[in-house]
Amino acid sequence: MNEQVIQKLKILTESAKYDVSCASSGTVRRNSRKDGLGNTVGGWGICHSFSEDGRCISLLKIMLTNYCIYDCAYCINRVSNDIPRATLSVSELVDLTIEFYRRNYIEGLFLSSGVVRNPDYTMERLVRVAKDLREVHRFNGYIHLKSIPGASEELVRQAGRYADRLSVNLEIPTEKNLKLLAPEKDHQSVYKPMLYIQQGALESAEERKKHRHAPRFAPAGQSTQMIVGATSETDRDILNVSSALYQRPTMKRVYYSGYISVNTYDKRLPALKQPPLVRENRLYQADWLLRFYQFRVDELVDDASPDLDLEVDPKLAWALRHPEFFPVNILTADYEALLRVPGIGVRSARLIVLSRRFSRIGLYDLKRMGAVVKKARYFITCHELPDKTILDLGPAGVRKLLLPRPVRKTDDRQLSFDFQD
């Protein structure tokens, strides 16, 4: 690897670090050829993600180029910024990926790019990288490509033939605020590629029902990312967008990225001294409840409380607002009711339903099933739990018990939407 490529590598990996939508999960690509290279089934990895079965996977997370024709206020790579720029040729990036794989640094590639010339020109180069890896080098590792907003349907469909996952970043949840910070962009240019990916995946699934060995289209589905804190949307606004996106059959993940102040000179941006990491974490927890715990957005946030509670997780916050739902009898409650209990997760709820048919469940059993008894005990009844429940202690009393230490004053830097004049 020559010095020039190493310098480009440093610049382009640094530019790619702000994109968090790079979880490599939901796919298996077995190496069944003698001349094949790589295997998603189971290095100096630049990015670590986790597979569906919990394994840590190292990805080369890099941009093809950090030159960009757009001037988005929140982006470090905006055209008006005076930063080091670099561009890798298709062959340089392919060789770099193969060399890193041979050295056991990585197991896959996460590739994005700034937009140069126009969306189709950039997308065509991304597709060529994936195509060369698959067809020339027989690379069977994981590939995640960022589809360029505004790219043509033909190019997006080509990308789906070679990538395991495709994603298009929504960035700002509402069209109004996107236009404020990125006047050259609109949501339509994002939703169209999302639709192309969805159509390609569904058509591929139907084809594979008829022909077992028909090629797969983006088998790990698609994802997107929204920036949190750069604009004035409430958590309710953000979660409503996420909920609508999850109605699409191929949308696997919505990622939330706390706004990092990289362009402090731009007066359209909020004056945050640090990213809103607590809020970001609460959004991920709420997202989990929407996807796996059968919660609705209006149960987590509403007109009276449009933002999530930063002191407690969203599930506990809901339980404290609805004491009438509790206590839940773990020996008779259905699966859906068990999912509402703080401290009881999907796995432990399933184990409770299965186990209680054979024996009475006690405190020790709950702990073995993975339930957080310290939290759950105030919301359930069990023959080994004589403690007072939320009906006896009241929501304020339970909240105080679960937050035994005085809560530090909330950091205004994580909550402020004080935009500069």
Side-chain angles (χ1 to χ4, degrees), residues 16-31 38-42 45-64 93-94 97 101 106-113 122-123 125-134 139-149 151 153 155-171 190-205 208 215-226 242 245-246 248-257 284 287 291:
K17 71 180 183 181
Y18 297 104
D19 196 326
V20 301
S21 57
C22 56
S24 101
S25 60
T27 185
V28 173
R29 187 181 291 274
R30 297 182 183 276
N31 187 354
N39 196 333
T40 315
V41 183
I46 296 171
C47 161
H48 290 89
S49 296
F50 292 89
S51 66
E52 202 170 37
D53 59 3
R55 290 176 300 112
C56 184
I57 295 178
S58 299
L59 303 177
L60 173 59
K61 183 177 180 181
I62 193 169
M63 298 183 74
L64 188 65
L93 185 48
V94 169
T97 304
Y101 183 83
I106 61 169
E107 296 174 78
L109 173 67
F110 176 87
L111 180 60
S112 59
S113 180
T122 307
M123 190 69 197
R125 297 183 71 210
L126 294 176
V127 171
R128 283 173 54 199
V129 171
K131 183 178 180 180
D132 284 0
L133 284 171
R134 296 293 192 214
F139 181 71
N140 290 290
Y142 179 85
I143 297 179
H144 182 157
L145 287 185
K146 298 306 297 290
S147 182
I148 304 299
E153 180 176 2
L155 287 170
V156 173
R157 293 211 171 215
Q158 286 184 36
R161 297 174 196 166
Y162 306 110
D164 294 285
R165 173 169 285 185
L166 292 173
S167 58
V168 197
N169 282 357
L170 192 60
E171 295 176 345
V190 176
Y191 286 127
K192 276 189 176 180
M194 283 185 180
L195 181 61
Y196 300 152
I197 296 167
Q198 177 181 312
Q199 291 172 339
L202 294 178
E203 290 172 9
S204 173
R208 286 179 64 81
R216 298 183 299 174
F217 183 98
Q222 61 175 311
S223 61
T224 190
Q225 172 179 302
M226 286 187 280
S242 298
L245 289 172
Y246 282 132
R248 299 168 180 249
T250 58
M251 181 59 68
K252 300 300 182 182
R253 286 293 303 274
V254 176
Y255 291 85
Y256 308 94
S257 176
Y284 274 115
D287 183 278
R291 295 165 60 206

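All of these numbers come straight from a predicted model, not from anything done at the bench.
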Peer 1: Can you tell me which residue among Leu245, Val156, Leu166 is in a side-chain contact (heavy atoms from CB on, under 4.5 Å) with Met194?
Peer 2: Leu245

Peer 1: When rounded to the nearest 0.5 angstrom, what distance separates CG in Asn169 from CE in Met226?
Peer 2: 10.5 Å

Peer 1: Give the C-alpha distance, both sets of side-chain angles, the deciding distance and a yes or no for side-chain contact (heavy atoms from CB on, under 4.5 Å) between Tyr162 and Leu133.
Peer 2: CA-CA 9 Å; Tyr162 306 110; Leu133 284 171; over 6 Å; no

Peer 1: Work out which heavy atom in Ala163 is nearest to a heavy atom in Pro219; give both atom names and the distance.
Peer 2: O-CD, 3.7 Å

Peer 1: Any side-chain heavy atom of Thr97 sitting closer than 4.5 Å to one from Ile143?
Peer 2: no

Peer 1: Can you tell me how far CG of Leu64 sits from NZ of Lys146, rounded to the nearest 0.5 angstrom?
Peer 2: 13.5 Å

Peer 1: Minimum heavy-atom separation for Phe139 and Gly108, please, with both atom names.
Peer 2: CZ-CA, 4.3 Å

Peer 1: Between Phe110 and Lys61, is there a cation-pi geometry (under 6.0 Å to ring centre, at most 45° from the normal)?
Peer 2: yes

Peer 1: First locate atom NZ of Lys252, then atom CZ of Arg291, and finally report the distance between them rounded to the nearest 0.5 Å.
Peer 2: 9.5 Å

Peer 1: For Phe217 and Leu202, what are the C-alpha separation, side-chain angles and deciding distance, and is it a side-chain contact (heavy atoms from CB on, under 4.5 Å)?
Peer 2: CA-CA 8 Å; Phe217 183 98; Leu202 294 178; over 6 Å; no

Peer 1: Do Ser167 and His144 touch side chain to side chain, with heavy atoms closer than 4.5 Å?
Peer 2: yes

Peer 1: Kindly indicate whether the side chain of Leu126, heavy atoms from C-beta on, has any atom under 4.5 Å from the side chain of Leu111.
Peer 2: yes

Peer 1: To the nearest 0.5 Å, tell me how far Gln158 CD sits from Leu145 CG.
Peer 2: 11.5 Å

Peer 1: What is the minimum heavy-atom distance between Ile148 and Met123, and which atoms define it?
Peer 2: N-SD, 3.5 Å

Peer 1: Which heavy atom of Ser147 sits nearest a heavy atom of Pro193, and at what distance?
Peer 2: OG-CB, 3.9 Å

Peer 1: Hey, are Thr250 and Gln198 close enough side-chain-wise for a donor-acceptor pair under 3.5 Å?
Peer 2: no

Peer 1: Which heavy atom of Ile106 sits nearest a heavy atom of Leu60, and at what distance?
Peer 2: CG2-N, 3.6 Å

Peer 1: Who pairs with Tyr246 by ring-ring contact (aromatic ring centres under 6.0 Å, His included), at least two apart in sequence or on another chain?
Peer 2: none

Peer 1: Mind checking side chain to side chain contact (heavy atoms under 4.5 Å, CB included) for Gln199 and listing every partner two or more places apart, or none if nothing turns up?
Peer 2: Glu153, Arg157, Leu195, Tyr196, Glu203

Peer 1: Would you name the heavy atoms of Thr224 and Leu170 that are closest together and state the gap between them?
Peer 2: OG1-N, 2.9 Å

